[in-house]
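One structure below.
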There are 2 protein chains.
Amino acid sequence: MPDRAQRADTRVTVDLVIFAIREARLQVLLIRRAVAPFEGRWALPGGFVLAGEGLEAAALRELEEETGVRQVYLEQLYTFGDPGRDPRGRVVTVAYVALIAADRAPLEAGSDAAAARWWPVDDRPPLAFDHDKILDYAVERLRNKLEYTTVGFQLLPRQFTLTALQQVYEAVLGRRLDKRNFRRKIALLGILTPLRERRTEGGRPARLYEFSARRFEKLKDKGILFPF
Amino acid sequence: MPDRAQRADTRVTVDLVIFAIREARLQVLLIRRAVAPFEGRWALPGGFVLAGEGLEAAALRELEEETGVRQVYLEQLYTFGDPGRDPRGRVVTVAYVALIAADRAPLEAGSDAAAARWWPVDDRPPLAFDHDKILDYAVERLRNKLEYTTVGFQLLPRQFTLTALQQVYEAVLGRRLDKRNFRRKIALLGILTPLRERRTEGGRPARLYEFSARRFEKLKDKGILFPF
DNA sequence: AATATTAGTGTAGCATAGACACTAATGCAA
DNA sequence: TTGCATTAGTGTCTATGCTACACTAATATT
């Protein structure tokens, strides 16, 4: 049994890695710190977990404070608790990843006073605390999940073209994909509903699609858990 | 900014899901609680993170206290922090999964005073706190990881037969595998070193093998991250 | 009407996964 | 010693999925 004297109470925070696709690149929302430590450095948005508040609830609260959006995809990433990761004392942080649909991502994120902006993940400033490590891990996780889940759809508006969907995959994975192979794979999944509408953007108009959560659930029931 | 009065300090614990293969089944080490709450119920071993101690360090310390083993595979699983998950107050727990090689798993685990024993995961008593949820999630993760990583080898002694390896996979996945397909897949990976020794156990003697971390690293370097 | 731009479509080769049954080497008991 | 029980070890065929690869279609602009 640990001695009561040694058993230190600890402050617990949540940090958020908020991703969106902007200008066909994977971008992350960062805030510029106004106070020490790391004053002036960019950091992941986050904050303390309140008394009686669940971890995910705290993450959702911070997310809404930062971006104004609700009902987004949110997933716990990892918990970082090295002593010394925060010079102010013992702070354990539970990191979450949020995915925001392109059309719901605030243009230049309107945070309360503090400067906040989107940065391309592969062209970003050095971050405060151990946030570089957190962000790197988040990107790795997102890349992996993209290949065997349907999280990719969370980065798109409800209606989208197949080209837009492919651009999401290319932006996250960081490499070009073959158009025909990509479309065949998607079609084989059978989780997209084609719509009557088309959208025209410079050339031949493209058909719009919707993600069909209903069909996806049916696949899951059959044990086809991760169709990607 | 959260109000300072609302920002509650919190106790942080680590809980351990310690797996081993025993009698060809996936088993987990549980301890019987001697004190309230949940007195008499079985629970995952765990304890408070000490001041100045890292999360993983705390998990390793608890693991050694509980089993006496060192240098085991240890991986962070998930962090559970629902308010109300512990009737004594706000406790956030970081759950870890440990894999112990069959030959190093204590026979009937010798914990300090408290009763401790191995239970088959699919034939276990109801657990204290939210530990059933934690254990279920750990099993799910282990099953997934088994298929695309080499964690399976962590559940075996350094030298083992292919049949023993297959039994590990069958015990974790909970289904029988085809002997020829299994052996072909393993051979294709090229990460096993055949030894001269054989081990005889009732019938024809079986060749022993060693996991070759060196060859595995070479594969990783080539980008073949998860050969399974 | 010509041009630029984006959407949309099929096939062939290769690798991987699953189904499937018999022979080989040893220990033990009659 | 021989036969029997027990565990080890081996190859092929089929189906499925992945990769590479090039042209036609529909619109807007000049």
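Below, chain A is the first sequence line, B the second, and so on; all start at residue 1.
As a whole-Å value, the separation of B:E201 CD from D:dA8 P is 8 Å. Spacing between atom CG of A:L173 and atom P of D:dC18 amounts to 14 Å, rounded to whole angstrom units. Distance, B:D178 CG to D:dG9 P: 15 Å, rounded to whole Å.
Rounding to the nearest 0.5 angstrom, the gap separating the CG atom in B:L60 from the CG atom in B:L16 is 8.5 Å.
For the OP1/OP2 pair of D:dA8 and a distance below 4.0 Å, the side-chain nitrogens and oxygens of B:T163 include at least one atom meeting the criterion.
Partner of A:T93 under the side chain to side chain donor-acceptor pair (under 3.5 Å) criterion, out of A:T13, A:D130, A:T79: A:T13 alone. Just one of B:L44, B:V17, B:D15, B:L55 meets the side chain to side chain contact (heavy atoms under 4.5 Å, CB included) condition when paired with B:Y96; it is B:L55.
Residue contacts for A:T161: at a heavy-atom cut-off of 4.0 Å it reaches no nucleic acid atom on any strand shown. If you check every strand for non-hydrogen atoms under 4.0 Å, B:R183 touches a base.
Here the shortest heavy-atom pairing between B:L29 and B:P45 reads O-CD, 3.3 Å. Residue A:L146 comes nearest to A:G152 through the heavy atom pair CD1-CA, 3.6 Å, listed as atom of the first residue, atom of the second, then distance.
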Please tabulate the protein-to-nucleotide N/O contacts below 3.5 Å involving nucleotides 21-24 of chain C, giving atom names and distances.
from: C:dA21; atom 1: N1; to: B:R180; atom 2: NH1; distance (Å): 3.4
from: C:dA24; atom 1: O4'; to: B:R204; atom 2: NH1; distance (Å): 3.2
from: C:dA24; atom 1: N3; to: B:R204; atom 2: NH1; distance (Å): 3.3

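The aromatic ring centres of A:F160 and A:Y209 sit 6.0 Å or more apart.
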